[in-house]
Amino acid sequence: MKISNLAVLAAALMASAAATASSVDFQSVDTDGNGVISASEAGQIPMTAEEFKTLDRDQDGQLTESEFANFGK
């Protein structure tokens, strides 16, 4: 019983994160308006450090709009 409750909770959390990601637009996260999202800016939305690292394809420590477009997918 506990395992099935955990599975349901995990699925709900994943769905919630995906819904949040799809409702966040690049410009609202790029608060300084420099055209990229820093790790600090990304920390203002529900994005983990691991997600940031995965999205940052060129590993330059910032997300371009095209890199950010993959958030939640």
Side-chain angles (χ1 to χ4, degrees):
M1 180 79 159
K2 286 185 179 185
I3 291 176
S4 72
N5 288 345
L6 288 174
V8 169
L9 179 59
L13 287 172
M14 289 172 51
S16 175
T20 299
S22 67
S23 67
V24 176
D25 67 290
F26 183 85
Q27 286 73 27
S28 68
V29 181
D30 179 21
T31 56
D32 64 7
N34 69 346
V36 294
I37 296 173
S38 66
S40 175
E41 289 170 322
Q44 303 303 310
I45 61 171
M47 179 186 289
T48 66
E50 187 61 34
E51 287 173 313
F52 185 91
K53 184 178 179 182
T54 299
L55 291 170
D56 185 15
R57 291 186 304 244
D58 59 5
Q59 301 298 300
D60 64 352
Q62 51 195 8
L63 300 179
T64 62
E65 193 163 1
S66 64
E67 289 171 329
F68 183 76
N70 293 309
F71 180 46
K73 294 181 180 178

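None of these values were measured; they are calculated from a predicted model.
- With hydrogens and angles ignored, the 3.5 Å screen pairs a side-chain donor or acceptor of Asp56 with a backbone N or O of Gly61.
- Thr54 meets the side-chain hydrogen bond (donor to acceptor under 3.5 Å, both in side chains) test with no other residue; sequence neighbours excluded.
- Evaluation of the side-chain contact (heavy atoms from CB on, under 4.5 Å) rule for Ser38 yields Ser40, Glu41 as partners, not counting sequence neighbours.
- Sorted by first and then second residue, the ring-ring contact (aromatic ring centres under 6.0 Å, His included) pairs with a member in residues 23-44 read Phe26-Phe68; sequence neighbours excluded.
- Contact record, Glu51 with Pro46: OE1-O, 3.9 Å, taken as the closest heavy-atom pair.
- Applying the side-chain contact (heavy atoms from CB on, under 4.5 Å) test to Gln44 and every residue at least two apart in sequence or in another chain returns nothing.
- Considering CD1 of Ile45 and CG of Asp25, their distance stands at 10.0 Å, rounded to 0.5 Å.
- Taking each heavy atom of Glu67 and Arg57 in turn, the nearest pair found is OE2-N, 3.1 Å.
- With sequence neighbours excluded, the residues that form a side-chain contact (heavy atoms from CB on, under 4.5 Å) with Gln62 are Val36, Asp60.
- Residues satisfying the ring pair (Phe, Tyr, Trp, His ring centres under 6.0 Å) test with Phe52, not counting sequence neighbours, are none.
- When side chains are defined from C-beta on, Met47 counts as touching Leu63, because their heavy atoms get closer than 4.5 Å.
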